[in-house]
Amino acid sequence: MELYNSAFGKNVSFVHPAYFIISGFIGLPNIMFYYVFLFFVFIISVLGNTSVMALIYLDHNLRTPKYVAVFNLAFVDLLGSCALVPKLLDIFLLNHYYVPYNECLTFLFFCYTCLSMQALNLVALCYDRLMAIMFPLHYPVKVTHKIMFSLIASFWLFAVLAVLIAVGLLTRLSFCKSVVINSYFCDHGKIFELACNDNFPNLVIGFLLPFLILWLPMGFILSSYVCIGYALVKVAAAKERVKALKTCTAHLSLVAIYFIPILITFTLGPDIHPNARIINLSLTSVFPPLLNPIIYVLYTQEIRLSLKRILNFTRQAKVIAK
């Protein structure tokens, strides 16, 4: 690729490889069973998230602003699982370790966008809980369909643009040495470390993105629950306090499942073994989509009631048919 650099008055040539090689796990025997396990997790995730989306679509009682965010979370989980797991199985079970350059960047884009949206969607759900508990009388005004759709649309726009910038910066890198990515997918950090020209802008975006799509959302969520806790302790009776906290159980479970493994990985940093890093991050990518539908069915009364209504309707329809 030839580009003209006006600052220096000369052509700049970027050397792009035909493919990258995904290394995956190093020296672990019988690792194929781990990928078979991921396949079964993927199947359950697809069924669970599709069911939640269908439930929200079919039941008019669930078409509230809160369940707009829940529907979007299920959609993001479904998209993320479909973007990651089938490609992992293709690479490591079918031994297609050589991933074409453009395909690798596309793989990176979808994986990072979905991971970003999972965190940002938790912010949308947190906003719903914050308004419901701190401003219960004004909740119908502060959490409307328009506000929730606008919030989620702005998160999608931000996530897509942020990841596109990261991918765009990768295209200005030259790879004239190794093309082996020491990860389980086309990992942004592991790719720009392979460059043999100036990768400082990529280093900056590599620090900036986690702050914007991980630490900032987590900070907002934690500060929101501090405010919720303070408000409940100050004004609510014990019975009302427990009732209000129960409405947050599902959301808090999702936050813990998503953020704790990432915190462990980033806290240990370079001290964590590459294989342990791959297991931790891969499970972080596939477990939330698996557990999110289960948690919402178990902990959310509206979804349980909706599921019972649909099951009862199905039974009645069968009886009438007979």
Residues passing the disulfide (SG to SG under 2.5 Å) test with Cys227, sequence neighbours excluded, are none
Report the distance from atom OH of Tyr97 to atom CG of Leu94, rounding to the nearest 0.5 Å. 10.0 Å
Looking only at heavy atoms, the pair that brings Glu302 and Lys66 closest together is OE1-NZ, 4.5 Å
Between CG on residue Leu222 and CH2 on residue Trp215, distance to nearest 0.5 Å: 11.0 Å
Close side-chain approach of Val52 to Ile56, heavy-atom, < 4.5 Å: yes
If only atom types and distance count, is the side chain of Asn292 paired as donor or acceptor with the main-chain N or O of Pro288 below 3.5 Å? yes
Check whether any side-chain heavy atom of Leu88 lies under 4.5 Å from a side-chain heavy atom of Leu38, and answer yes or no. yes
Check whether any side-chain heavy atom of Pro65 lies under 4.5 Å from a side-chain heavy atom of Lys146, and answer yes or no. no
Polar side-chain atom of Ser154 near backbone of Leu151 as donor-acceptor pair, under 3.5 Å: yes
Check residues 197-213 and write down every donor-acceptor pair under 3.5 Å in which the side-chain atom is one partner and the other belongs to a residue at least two apart or another chain.
| residue | atom | partner | partner atom | Å |
| --- | --- | --- | --- | --- |
| Asn197 | OD1 | Ser174 | N | 3.0 |
| Asn197 | ND2 | Arg172 | O | 3.1 |
| Asp198 | OD1 | Phe200 | N | 3.1 |
| Asn199 | ND2 | Phe192 | O | 3.0 |
| Asn202 | ND2 | Leu169 | O | 3.2 |

Nearest 0.5 angstrom please: Thr284 OG1 to Ile279 CD1, how far? 11.5 Å
Going hydrophobic residue to hydrophobic residue with side-chain gaps under 4.5 angstrom, can you get from Leu161 over to Phe155? no
Over 60° means perpendicular and under 30° means parallel, so tell me whether Phe185 and Phe107 are parallel, tilted or perpendicular. perpendicular
Mind running side chain to side chain contact (heavy atoms under 4.5 Å, CB included) on Val167 and Val163 for me, showing each step along the way? CA-CA 6 Å; Val167 172; Val163 178; 4.2 Å; yes
Could you note down all residue pairs passing disulfide (SG to SG under 2.5 Å) where residues 34-121 supplies at least one of them, sequence neighbours left out? Cys104-Cys186
Does the pair Ile191 and Leu173 meet the rule for a side chain to side chain contact (heavy atoms under 4.5 Å, CB included), with working shown? CA-CA 10 Å; Ile191 291 177; Leu173 298 178; 5.5 Å; no
Output, in order, the C-alpha distance, side-chain angles, deciding distance and verdict of side chain to side chain contact (heavy atoms under 4.5 Å, CB included) for Leu55 and Ile303. CA-CA 8 Å; Leu55 200 63; Ile303 288 187; 3.6 Å; yes
Assess whether side chain to side chain contact (heavy atoms under 4.5 Å, CB included) is satisfied between Thr171 and Tyr101, documenting all intermediate values. CA-CA 10 Å; Thr171 62; Tyr101 177 82; 4.0 Å; yes
With salt bridge (charged side-chain N to carboxylate O under 4.0 Å, His left out) as the rule and sequence neighbours excluded, what pairs involving residues 45-62 come up? Asp59-Arg309
His188 ring center within less than 6.0 Å of Phe109 ring center: no
Among residues at least two apart in sequence or on other chains, which ones pass side-chain contact (heavy atoms from CB on, under 4.5 Å) with Pro289? Ser45, Asn49, Asp77, Ser81, Gln118
Tell me, do Asn182 and Glu193 make a side-chain contact under 4.5 Å, heavy atoms counted? no
How are the rings of Phe39 and Phe42 set relative to one another: parallel (under 30°), tilted (30 to 60°) or perpendicular (over 60°)? tilted
Please enumerate all residues that pass side-chain hydrogen bond (donor to acceptor under 3.5 Å, both in side chains) together with His96, with sequence neighbours excluded. Asp90
Using atom types as modelled, flag every donor-acceptor pair under 3.5 Å from a side chain in residues 124-131 to any protein atom, sequence neighbours excluded.
| residue | atom | partner | partner atom | Å |
| --- | --- | --- | --- | --- |
| Tyr127 | OH | Lys142 | O | 2.6 |
| Asp128 | OD1 | Tyr139 | OH | 2.4 |
| Arg129 | NH1 | Thr247 | OG1 | 3.2 |

Keeping the roles fixed (side chain from Thr249, backbone from Lys246), state whether a donor-acceptor pair exists under 3.5 Å. yes
Mind checking the CG-CZ spacing from Leu290 to Phe40? Nearest 0.5 Å is all I need. 13.5 Å
Is there side-chain contact between Met148 and Val143, with at least one heavy-atom pair below 4.5 Å? yes
Treating Ile, Leu, Val, Met, Phe, Trp and Tyr as nodes and any side-chain heavy-atom pair under 4.5 angstrom as an edge, say whether Leu252 and Val242 lie in one connected cluster. no
Heavy-atom side-chain proximity of Thr106 to Leu108 below 4.5 angstrom: no
Rounded to the nearest 0.5 Å, how far apart are CD1 of Ile295 and OG of Ser253? 5.0 Å
Validation row: Thr300, Tyr67 side chains within 4.5 angstrom (heavy atoms): yes
Identify whether Ile228 and Tyr230 are in the same connected component of the hydrophobic contact network (ILVMFWY, side-chain heavy atoms under 4.5 Å). no
Distance-only donor-acceptor hits, side chain of residues 17-35, under 3.5 Å, sequence neighbours excluded:
| residue | atom | partner | partner atom | Å |
| --- | --- | --- | --- | --- |
| Ser23 | OG | Ile181 | O | 3.1 |
| Tyr34 | OH | Ser282 | OG | 2.5 |

side-chain hydrogen bond (donor to acceptor under 3.5 Å, both in side chains) partners of Ser285, counting only residues at least two apart: Tyr184
What pairs meet the salt bridge (charged side-chain N to carboxylate O under 4.0 Å, His left out) rule with one or both residues in residues 100-123, with sequence neighbours excluded? Lys87-Glu103
Kindly write out the residues that satisfy side-chain hydrogen bond (donor to acceptor under 3.5 Å, both in side chains) with Tyr258, not counting sequence neighbours, or none if the list is empty. none
Can you see which heavy atom on Ile147 is nearest to which on Val141, and at what distance? CD1-O, 3.7 Å
With side chains defined as the heavy atoms from C-beta onward, is the minimum distance between Phe37 and Leu283 less than 4.5 Å? yes
Partner set under side-chain hydrogen bond (donor to acceptor under 3.5 Å, both in side chains) for Asn72, not counting sequence neighbours: Asn121, Trp156
Return the CZ to OG1 distance between Phe149 and Thr144, rounded to the nearest 0.5 Å. 10.0 Å
For the hydrophobic clusters of this structure (ILVMFWY residues joined by side-chain heavy atoms under 4.5 Å, transitively), does one cluster hold both Leu305 and Leu58? no
